[in-house]
Each structure stands twice: as structure tokens, then as C-alpha cells.
Amino acid sequence: MINVAILGYGNIGSGVGEVIEKNSAEIKRVLGDTLHVKYILDIRDIPGVVNDINVIVNDPDVKVVCETMGGKEPAYTYTHLALERGISVCSSNKELVDAYGVELSAIAREHNCSYLFEASVGGGIPIIRPLRESCAHEKITLIAGILNGTCNYILTNMKAGKDFATALREAQEKGFAERNPAADVEGHDTARKIAILASLVSGKKYSYEQVACEGITNITPEDFAMAESRGMSIKLLGVYDAEKNSVNVAPYLVPQTSPLYGVNDVFNGIMVHGTQVDNLMFYGRGAGKLPTASAVVSDVIECAKNIGRNIPNCFADLEPAEVSEPPAKPAGEKFRVLA
Ligand SMILES: NC(=O)c1ccc[n+]([C@@H]2O[C@H](COP(=O)([O-])OP(=O)(O)OC[C@H]3O[C@@H](n4cnc5c(N)ncnc54)[C@H](OP(=O)(O)O)[C@@H]3O)[C@@H](O)[C@H]2O)c1
């Protein structure tokens with residue numbers, strides 16, 4: 001039995017507990033052992049839940065911690081404490097990975113444990129591990145991703161004729177958008193995710209602050225009419241272009257021939273081009289309790305298979321990237337076209 005702790009028992013944290021319980025037979029089959037949630041830590045006073053991180057990091061039976069709290073603090077301090085004790089940490093927290101991922105990965109390596117973050121990009125879509133392992137030898141020249149389900153849901157509804165304000169309000173009513181939707185609709189969430197992916201495949205650390213970022217708030221029904229007349233759609237993309245050394249987030253015109261054209265509603269899609277493998281497409285639910293928790297559990301299993309060893313995560317040695325401006329929009333055009 002491998003003991004696990006969950007930090008932050010909200011949407012994703014409670015989902016991790018659920019996936020571990022519901023899929024115990026599958027986990028036993030691939031791991032040859034069972035996972036047991038020994039501790040849950042939360043800020044709230046819930047029976048059976050601990051509030052003191054020291055209870056967890058001082059227990060030598062705990063081998064893996066899931067950090068599903070979000071935000072920088074105390075997630076950073078708690079992750080640091082766990083890794084220093086040789087406890088692996090699996091995170092869904094893109095903000096922390098973007099800001100401290102390099103440092104935390106180096107600490108993990110120093111203490112023979114691991115820092116993994118599959119769930120931080122693309123929710124339930126396996127993207128970090130395929131890039132880190134299956135494509136480790138590839139020269140990745142382009143990543144273009146629909147990485148924010150809220151924006152994609154809004155844009156899908158605008159394509160069907162609604163204006164931005166109506167589409168946003170409906171997304172909020174259905175629980176797909178936060179009451180304060182700024183991080184989503186202004187592109188910041190997508191910026192964090194594309195920065196993590198660019199870092200993973202380039203050997204340089206691209207940070208969120210370096211990503212040129214334009215959201216979807218200025219898109220009008222007339223823009224969709226123009227796109228349709230040209231046989232295209234409008235999608236908010238995070239784009240990493242290795243040849244141009246640029247990372248940006250912006251609404252793009254996406255032609256019908258692109259696999260990203262048909263990615264609608266809350267779904268995410270990530271297109272990756274490698275010089276040998278050619279185009280790859282990753283598609284699925286980019287958020288939500290169980291899909292995201294499923295990605296966290298995939299990391300837990302990998303850590304559980306490697307107790308006492310560091311799993312290289314392609315982040316530990318990254319030097320800061322120098323980023324170029326993204327290519328200018330064509331003269332007189334409001335949008336770039338995805339090539
Ligand atoms: N939701 C998604 O679909 C999704 C998808 C991919 C990645 N993520 C990432 O996963 C992380 C968690 O997201 P979530 O949606 O699960 O958020 P959430 O529902 O707000 O869960 C976070 C939990 O952590 C608790 N917490 C906050 N500060 C704490 C502290 N100081 N000590 C102990 N517990 C604390 C919160 O308690 P309170 O509620 O009392 O504050 C809450 O129970 C975030 O980094 C998010 O970006 C989420």
C-alpha cells in the first residue's frame with residue numbers, strides 16, 4: 001500500500017480521492033500495489049481533514065502528495081517542504097509550475113523524489129508526459145493549442161450568432177466561467193499553459209510574463225461573419241513557434257483544414273508539430289473535476305513506481321528564455337491566420 005496525501009480538497013482534490021477509490025482495481029493492475037489516501041489537508045475544518053502540513057511531511061509513510069490547492073502560497077511552501085523530505089509532489093497548479101517549477105524540480109532531483117504536473121495543462125488530456133517521453137527525441141517546431149475551455153465555449157456560441165456578453169453570461173450560468181472571468185477571457189490562463197508547454201519542449205524557461213497576450217473580449221459577431229465568409233473560424237490559441245522563438249496568445253483565424261477547427265464547446269485541442277513525427281493532435285476535456293483528477297492520478301502512479309528515484313521532468317535545468325515578438329498581423333487584418 002502506498003500512502004498519499006491530498007493538499008486542498010476542493011474540486012480537483014476531492015476528484016483525486018474519487019478516482020483513487022473508483023479505479024482501485026485498474027491502479028492495482030498497473031502499479032502492482034494499491035494507493036491509500038492517508039491524509040487530506042484543507043483550510044476548512046472538516047472531520048478527518050488535517051490543517052497542519054507538518055503532520056503530513058513528518059509522516060515517513062507518506063510517499064506522494066497531490067497539490068491541488070492552487071495559487072502560489074502556501075502551495076509553494078508546502079511543496080518545498082514535501083520535496084525536501086523526499087516526498088514526491090503531483091500538481092494541477094499551473095500558476096505554481098510557471099512561477100517556481102524550475103526551482104521545485106531541482107529540489108525534487110536533489111532529494112531523489114519527483115515533481116510532476118500533468119494536470120496543469122490541458123486538464124485530462126495527456127500532453128505533458130507525451131511531450132516529455134514519447135516526443136523526447138523530437139524537435140518540436142510548433143505548438144498551437146486551444147487551452148481554455150471557457151473561451152472556447154464562448155467562441156463556439158458566438159459562432160452560432162451570440163454576442164460576447166450573452167455568450168459569457170450563459171457560460172457563467174452553466175458554471176463554465178467564473179464570476180470574475182478576467183483570467184480566462186483576457187488570455188492569461190492560456191498564457192500560463194503555453195509557457196509551460198514551450199518550456200517543456202525547448203530547453204528554455206518561458207514564463208507567463210513573457211507571453212504576448214490578447215484575449216477574446218474585442219471579438220464581434222461581424223468578425224465571425226467575416227471568418228465564415230472565408231471558410232474559417234475564430235479560436236483563442238496559445239502558440240509557440242520555435243523557429244520564430246515566439247510565444248503568444250491571441251484569437252486566430254483557423255481554417256477548416258486544421259484539426260483545431262472542429263474543437264468546440266468546452267473541449268481543448270493541442271496541435272504539435274515535430275520534424276520527424278509531423279503533426280500530432282491531442283484532444284479532450286481541458287478542465288473539470290474528474291478529467292483533471294485523472295491526470296493527477298496518472299502522475300501519482302508514475303511517482304509510486306519510482307519511489308526513492310527522481311523522474312526527470314525536463315524542467316530542472318532550464319535557463320530563462322529570450323523571447324522574440326510574435327509575427328505582426330497582416331496589414332489591415334484584425335487576426336493572424338493559423339498556418
Ligand atoms: N477546476 C478545474 O477544472 C481545474 C483544471 C485544471 C487545473 N486546475 C487547477 O487545480 C487547482 C485547484 O483547482 P480547484 O478548481 O480544485 O480549486 P478549488 O475548488 O478552489 O480547490 C482548492 C482547495 O484548496 C483549499 N485551500 C485553499 N487555500 C488553502 C490553504 N491555505 N490550506 C489548505 N487548503 C487550502 C480550498 O479551500 P477553500 O475553498 O476554503 O478556499 C479548496 O478546498 C488550481 O491550481 C487550478 O488552477 C483546476
Side-chain angles (χ1 to χ4, degrees), residues 5-20 37 39-57 65-82 89-101 104 115-128 145-153 171-172 174-184 187-197 208 238 265-268 270 282 284-300:
I6 300 172
L7 312 185
Y9 204 59
N11 202 14
I12 307 307
S14 61
V16 169
E18 207 174 313
V19 172
I20 288 177
V37 179
Y39 297 106
I40 292 166
L41 175 140
D42 203 276
I43 204 162
R44 294 165 293 170
D45 272 324
I46 313 169
V49 165
V50 301
N51 304 118
D52 182 1
I53 185 67
N54 292 303
V55 173
I56 295 171
V57 297
V65 154
C66 304
E67 188 274 291
T68 50
M69 299 166 68
K72 286 191 185 134
E73 280 295 355
Y76 168 78
T77 303
Y78 290 2
T79 301
H80 203 294
L81 277 171
V89 177
C90 305
S91 178
S92 61
N93 185 344
K94 59 205 157 262
E95 192 179 349
L96 196 68
V97 174
D98 172 62
Y100 296 108
L104 294 169
Y115 183 58
L116 300 184
F117 39 83
E118 179 63 66
S120 67
V121 181
I125 305 172
I127 181 68
I128 304 260
I146 296 170
L147 294 165
N148 184 278
T150 303
C151 289
N152 207 37
Y153 182 82
Q172 287 169 319
K174 291 194 169 155
F176 296 146
E178 307 271 339
R179 206 158 335 134
N180 178 359
D184 291 324
H188 303 302
D189 176 80
T190 301
R192 285 205 167 87
K193 292 169 178 170
I194 193 67
I196 292 171
L197 295 182
Y208 151 72
D265 296 316
V266 292
F267 284 90
N268 282 193
I270 306 155
F282 299 85
R285 292 196 181 273
K289 174 174 167 165
L290 293 176
T292 308
S294 175
V296 176
V297 172
S298 77
D299 281 347
V300 175

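When a residue number appears, it is its place in the shown sequence, counting from 1. When a ligand or atom number is given, it counts from 1 through the structure's own listing order.
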Heavy-atom donor-acceptor pair, [X] side chain to [Y] backbone, under 3.5 Å:
X      : Y      : answer
Thr150 : Phe176 : yes
Asp299 : Phe117 : yes
Gln172 : Glu178 : yes

List every atom of ligand 1 that sits less than 4.0 Å from any heavy atom of [X], numbering the atoms from 1 in the order shown and giving each element.
X      : value
Arg44  : 40 (O), 43 (O)
Gly70  : 44 (C), 45 (O)
Thr68  : 12 (C), 22 (C)
Gly8   : 23 (C), 24 (O), 25 (C)
Ala119 : 6 (C), 7 (C)
Asn93  : 45 (O)

Close N or O approach ([X], ligand 1; < 3.5 Å):
X      : result
Ile43  : yes
Gly286 : no
Gly10  : yes
Tyr78  : no
Lys289 : no

Would you give the length of the straight line joining atom [atom1] of [X] to atom [atom2] of [Y], rounded to the nearest 0.5 angstrom?
X      : Y      : atom1 : atom2 : answer
Asn93  : Thr68  : CG    : OG1   : 9.0 Å
Ile128 : Lys193 : CD1   : NZ    : 11.0 Å
Lys94  : Ile194 : NZ    : CD1   : 14.0 Å
Asp265 : Asn152 : CG    : CG    : 7.5 Å
Arg192 : Leu197 : CZ    : CG    : 14.5 Å

Result of checking Thr79, Leu7, Thr77 against Ile53 for side-chain contact (heavy atoms from CB on, under 4.5 Å) =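 Filter result, single survivor: Leu7.
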Got the closest protein heavy atom to atom 9 (C) of ligand 1, with its distance?
->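 The protein heavy atom lying closest is Ser92 O, 3.1 Å.
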Looking at atom 15 (O) of ligand 1, what's its closest protein heavy atom, distance included?
-> Asn11 CB, 3.5 Å
Identify the heavy atoms of Ala82 and Val89 that sit nearest to each other, and give their distance.
-> CB-CG2, 3.8 Å
Of the non-hydrogen atoms in Ala191 and Tyr208, which two are nearest, and what is the gap between them?
->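 Closest approach of Ala191 to Tyr208: CB-CD1, 3.8 Å.
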From atom 17 (O) of ligand 1, is the closest protein heavy-atom distance below 4.0 Å?
-> no
Can a protein heavy atom be found under 4.0 Å away from atom 32 (N) of ligand 1?
->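 Yes; the ligand atom in question has protein heavy-atom contact below 4.0 Å.
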Per-residue contact class, Pro74 against ligand 1 - non-hydrogen pairs under 4.0 Å |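 Within the 4.0 Å criterion, Pro74 contacts ligand 1 through side-chain atoms alone.
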Closest heavy-atom approach to atom 28 (N) of ligand 1 among Glu73, Lys94, Glu95, Met69 is made by Met69
Does at least one non-hydrogen atom of Gly288 fall below 4.0 angstrom from an atom of ligand 1?
->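 Distance cut 4.0 Å: Gly288 passes for ligand 1.
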